[in-house]
Amino acid sequence: MDKMKMETPDLTRQNIDKIEALFPACVIETRDANGRLKKAVDFELLRQLLSDEVLEGDEAYEFTWVGKKAAIVEANRPIRKTLRPCVSESVNWDSTENLYIEGDNLEVLKLLQESYLGKVKMIYIDPPYNTGNDFIYRDHFAMSSEEYEEKAGFYDEETRDRLFHNTDNNGRFHSDWCSMIYSRLILARNLLTDDGIIFISIDDHEVDDLMKICDELLGKDNFLALFPRVTKKAGKTTDAIAKNHDYVLAYGKAGSPTLFLPAHTDAGFKYSDEFENLRGKYKLNQTLDYDSLQYSASLDYPITIDGETIYPGQSYENYLERQSGKHSRADWAWRWSRELFEFGYRNGFIVVKKYDGYSRIYTKTYQNCRIIKTDTGFDIEYIRRTRSISTLEFVENEYSNDNSKKNLVQLFGSSVFDYSKPTLLLKTLMRYSTTENDLVLDFFSGSATTAHALMQLNAEDGRGRKFIMVQLPELCDEKSEAYKAGYRTICDIGKERIRRAAKKIADDNPGKKFDGGFRVFRLDDTNMTDVYYSAGEYMQDLLSQMEDNIKPDRTDMDLLFGCLLEWGLPLSMTCTCEKIENRTVYTCNNGDLIACFDDNISDTVIKEIAVRRPLRAVFRDSCFTGSPAKINMGEIFKMLAPDTRVKVL
């Protein structure tokens, strides 16, 4: 029986283990700040092992800045944090699969590593543009002006005079920005599916640096496009050139991702008679041209649909005349052979509709598949995409910030958030890169445009996409429209926008099904007390005075979702609650996890849980009266559910 760790994995140690498996000679022992032994990498030896020539010097082509190494360390550093559920702020908690998470996105991304590894099809972020000001995201690697200047050599060694002025446009702010985005992209890449895509909005200040960072982390070969996006119509400006566009940078994770057309509606063939979606109405019984076409008996046959026999001519008598040889040529004939017709009708490529008492037959075309001839008959060929996506897709004014303001004013009556993106931009990006039930992540979610666009698109095409929004609860300026309207943080704006957008979408699309709910989680310190992580440092008599190793303000729901994170289970998982002998038992996804956090549970309760043979089971340490009871619980599971993984908090 294992103990729950209740902290994110140490990615540095995992990476060292991977290197050790490939190059064991490069992994050495060293001591940490407390004098304890730990593994480390001899990078000079590793570099040499990866080269077939003798290496001299330290010159290399690379993109670097002051603080880059610290950013890597920061991304890999484990944390003792958790995500606490906020049921009262959520919408449709029990049924929704959407998530809204309040907290620093660097720490949230660390917490999502296990549960959402390789599961996100599309990431969109609109990070703060580097305008020369300090950032709200103050990570461990962020440094003061003095620290930066010393490391970058801004002072003369002898006189300590400043070599140049530290203005708002100098390198310190580029370094801070690069470090901020670098560590987050390291973690975000892990969450993408192999055919996933990340889209990043950026302007002129950092577009060059961002591309270099993405080349390094995602691979230069995985660069897809740098889309210019119009931000506003050209107007008066004090600059010599009006700056009225920014960019959307697109990278795949591994090679060419699957891309779909903006107008794409069908994932493949389907049984349907949706005539409004026909790209062309071609009658199978069109009149043949006597001058160019000869009669073919193979195209002259009756077909039966829903008990009705249909002939290629206007009447059965006309058909009999041709069959009897009275006419050598036909006025009417099918355009498809009998075999092709039967295959097309079975697979939804033929549509029959009655008009005024007679049948009319159409072929139906689809945007990403077609019928092909094979050696054994016919088959369906799926097409990845039917045309290229233009890099000038977003230069029309409908993608501008003018539309962003309109989107917000429609919902709130005023523009409560500056610099949001238009929903049409996000809808188009999702059409390019997502399909049925795909997961979309935005960890700079701002006013939650991404969530709004996703719900709107789901209502239109029924694809069932899901979102994860992550936003730091940054305070609204007291002079802002948002503050005057009663919103104290950006998260307040984002959550309310999702609520209002869901209602408007439902009102505008009666009968259309989409998930308009979301579960709210808030980043917080670990659920566990310090003694949980370092019990060995406490004297035995002190330990006996500590009744519990869980913080007193934490609820069962806090503990349950903390366990989901540690075990790498999705936070959208369905969870039910029941009473067994007056003890509360939680079941997630019909047995992926069963948990009980009540004190002094009986063997009957334990046996009832074990009989259900869950994949995982977790109990609070206080569930047991002592070590014998805990040992007995282990024996019960060995006997009744030997494959269940059991852990204790």
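The first residue in the sequence is number 1, and the count goes up from there.
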Just verifying a value: how many Å separate Phe467 CZ and Met430 CE, rounded to the nearest 0.5 Å?
9.5 Å
Could you measure the distance from the CZ atom of Arg500 to the CG atom of Leu408? Nearest 0.5 Å is fine.
11.0 Å
Closer than 3.5 angstrom, by distance alone: can the side chain of Thr96 be matched with the main-chain N or O of Asn98 as a donor-acceptor pair?
yes
Heavy-atom closest pair (Thr574 atom, Asp94 atom, distance to 0.1 Å) is CG2-O, 4.4 Å
Tell me whether Asp599 is salt-bridged to Arg620, with the criterion being a basic N under 4.0 Å from an acidic carboxylate O.
no
How close do Gly103 and Pro473 get, counting heavy atoms only, and between which atoms?
N-CD, 3.7 Å
Could you tell me the separation between the NZ atom of Lys121 and the NZ atom of Lys466, rounded to the nearest 0.5 Å?
11.5 Å
Gap separating the CG atom of Asp598 from the CD atom of Glu581, nearest 0.5 angstrom
12.0 Å
Side chain to side chain contact (heavy atoms under 4.5 Å, CB included) assessment of Ser447 paired with Asn407:
CA-CA 11 Å; Ser447 66; Asn407 297 152; over 6 Å; no
Decide if atom CZ of Arg613 counts as having more than 12 heavy atoms of other residues, nucleotides or ligands within a radius under 6.0 Å.
no
Okay, side chain of Asn549, backbone of Thr529: is any donor-acceptor separation there less than 3.5 Å?
no
Side chains of Ser183 and Glu74: donor-acceptor distance under 3.5 Å anywhere?
no
Just to verify, what does Lys638 make a side-chain contact (heavy atoms from CB on, under 4.5 Å) with, not counting sequence neighbours?
Glu635
Show me the pairs that pass ring-ring contact (aromatic ring centres under 6.0 Å, His included) and involve residues 479-499, at least two apart or across chains.
Phe412-Tyr487
Any chance you could lay out the side chain to side chain contact (heavy atoms under 4.5 Å, CB included) test for Leu429 and Met122, step after step, and finish with the verdict?
CA-CA 9 Å; Leu429 294 176; Met122 169 186 153; 4.0 Å; yes
Is the number of heavy atoms from other residues, nucleotides or ligands within 6.0 Å of CG (Asp477) greater than 12?
yes
Close aromatic pair by centroid cut-off 6.0 Å: Trp65 and Tyr182:
yes
Side chains of Thr449 and Arg497 only: does a donor on one sit below 3.5 Å from an acceptor on the other?
yes
Would you check, one step at a time, whether the test side chain to side chain contact (heavy atoms under 4.5 Å, CB included) holds for Met469 with Ile101?
CA-CA 6 Å; Met469 300 291 104; Ile101 304 174; over 6 Å; no
Just wondering, do Leu187 and Leu11 contact through their side chains at under 4.5 Å, heavy atoms?
yes
For Ile79, is there any backbone N or O sitting under 3.5 Å from a side-chain donor or acceptor partner on Thr8?
yes
Side chains of Gln456 and Phe514: does their closest heavy-atom pair fall under 4.5 Å?
no
Main chain of Arg616, side chain of Thr644: is a donor-acceptor contact present, judged purely on distance under 3.5 Å?
no
Within the structure provided, determine whether Gln113 and Leu191 are in side-chain contact (heavy-atom separation under 4.5 Å).
yes
Correct closest heavy-atom pair for Pro127 and Ile200 would be CD-CG2, 3.9 Å
So does Lys551 have more than 12 non-hydrogen atoms from other groups sitting under 6.0 Å from NZ?
yes
Please confirm whether the ring centroid of Trp93 lies under 6.0 Å from the ring centroid of Tyr100.
no
Looking at Lys479, I'd like to know if its NZ atom is crowded, meaning that more than 12 non-hydrogen atoms belonging to other residues, nucleotides or ligands lie closer than 6.0 Å.
no
Would you say the ring centers of Phe619 and Phe624 fall short of 6.0 Å from each other?
yes
In plain terms, say whether Glu114 and Lys119 are close enough for a salt bridge, that is, a side-chain N and a carboxylate O under 4.0 Å apart.
no
Are the side chains of Arg465 and Leu439 in touch, meaning some heavy atoms are under 4.5 Å apart?
no
Set out, in order, the CA-CA distance, both residues' side-chain angles and the distance that settles side chain to side chain donor-acceptor pair (under 3.5 Å) for Tyr129 and Ser201, then state yes or no.
CA-CA 9 Å; Tyr129 291 176; Ser201 285; 4.6 Å; no
Heavy-atom pair with the smallest gap, counting every atom of Asn190 and Leu117:
O-CD1, 3.3 Å
Spacing of CG belonging to Leu185 relative to CD belonging to Glu216, to within rounding of 0.5 Å:
11.0 Å
Between Arg84 and Asp553, does any side-chain N to carboxylate O distance fall below 4.0 Å?
yes
Just how far is it from atom CG of Asn15 to atom CD of Glu20, taken to the nearest 0.5 Å?
13.0 Å
Are a donor atom and an acceptor atom from the side chains of Ser179 and Lys68 found within less than 3.5 Å of each other?
no
Under the criterion side chain to side chain donor-acceptor pair (under 3.5 Å), I'd like the reasoning laid out for Asp603 against Asn632: C-alpha separation, chi angles, the key distance, then a yes or no.
CA-CA 8 Å; Asp603 287 353; Asn632 186 53; 3.0 Å; yes
Charged N to carboxylate O below 4.0 Å: is that the case for Glu478 and Lys484?
no
What I want to find out is whether Asp438 reaches Arg463 closely enough, with some N-O distance under 4.0 Å, to be called a salt bridge.
no
Is Lys421 salt-bridged to Asp126, going by a charged N under 4.0 Å from an acidic O?
yes
Taking NZ, NE, NH1 and NH2 as the nitrogens, is one of them in Asp104 or Arg184 under 4.0 Å from a carboxylate oxygen of the other?
yes
salt_bridge(Glu102, Lys495) N-O dist < 4.0 Å:
yes
With a 4.5 Å limit on heavy-atom distance, are the side chains of Lys81 and Asp524 in contact?
no
Determine whether Leu106 and Phe443 make a side-chain contact, defined as any pair of heavy atoms from C-beta on separated by less than 4.5 Å.
no
Is there a side-chain contact between Asp442 and Ile468 in this structure, where contact means two heavy atoms from C-beta onward sitting under 4.5 Å apart?
no
Ignoring hydrogens and angles, tell me if any N or O in the side chain of Arg488 forms a donor-acceptor pair with the backbone of Leu475 under 3.5 Å.
no
Tell me, do Ile550 and Leu559 make a side-chain contact under 4.5 Å, heavy atoms counted?
yes
Please confirm whether the backbone N or O of Leu192 pairs with a side-chain atom of Lys253, one donor and one acceptor, at under 3.5 Å?
yes
Worked verdict on Thr555 versus Phe561 for side chain to side chain contact (heavy atoms under 4.5 Å, CB included):
CA-CA 10 Å; Thr555 66; Phe561 281 91; over 6 Å; no
Please determine whether a side-chain nitrogen of the Lys or Arg among Asp17 and Arg13 lies less than 4.0 Å from a carboxylate oxygen of the Asp or Glu.
no
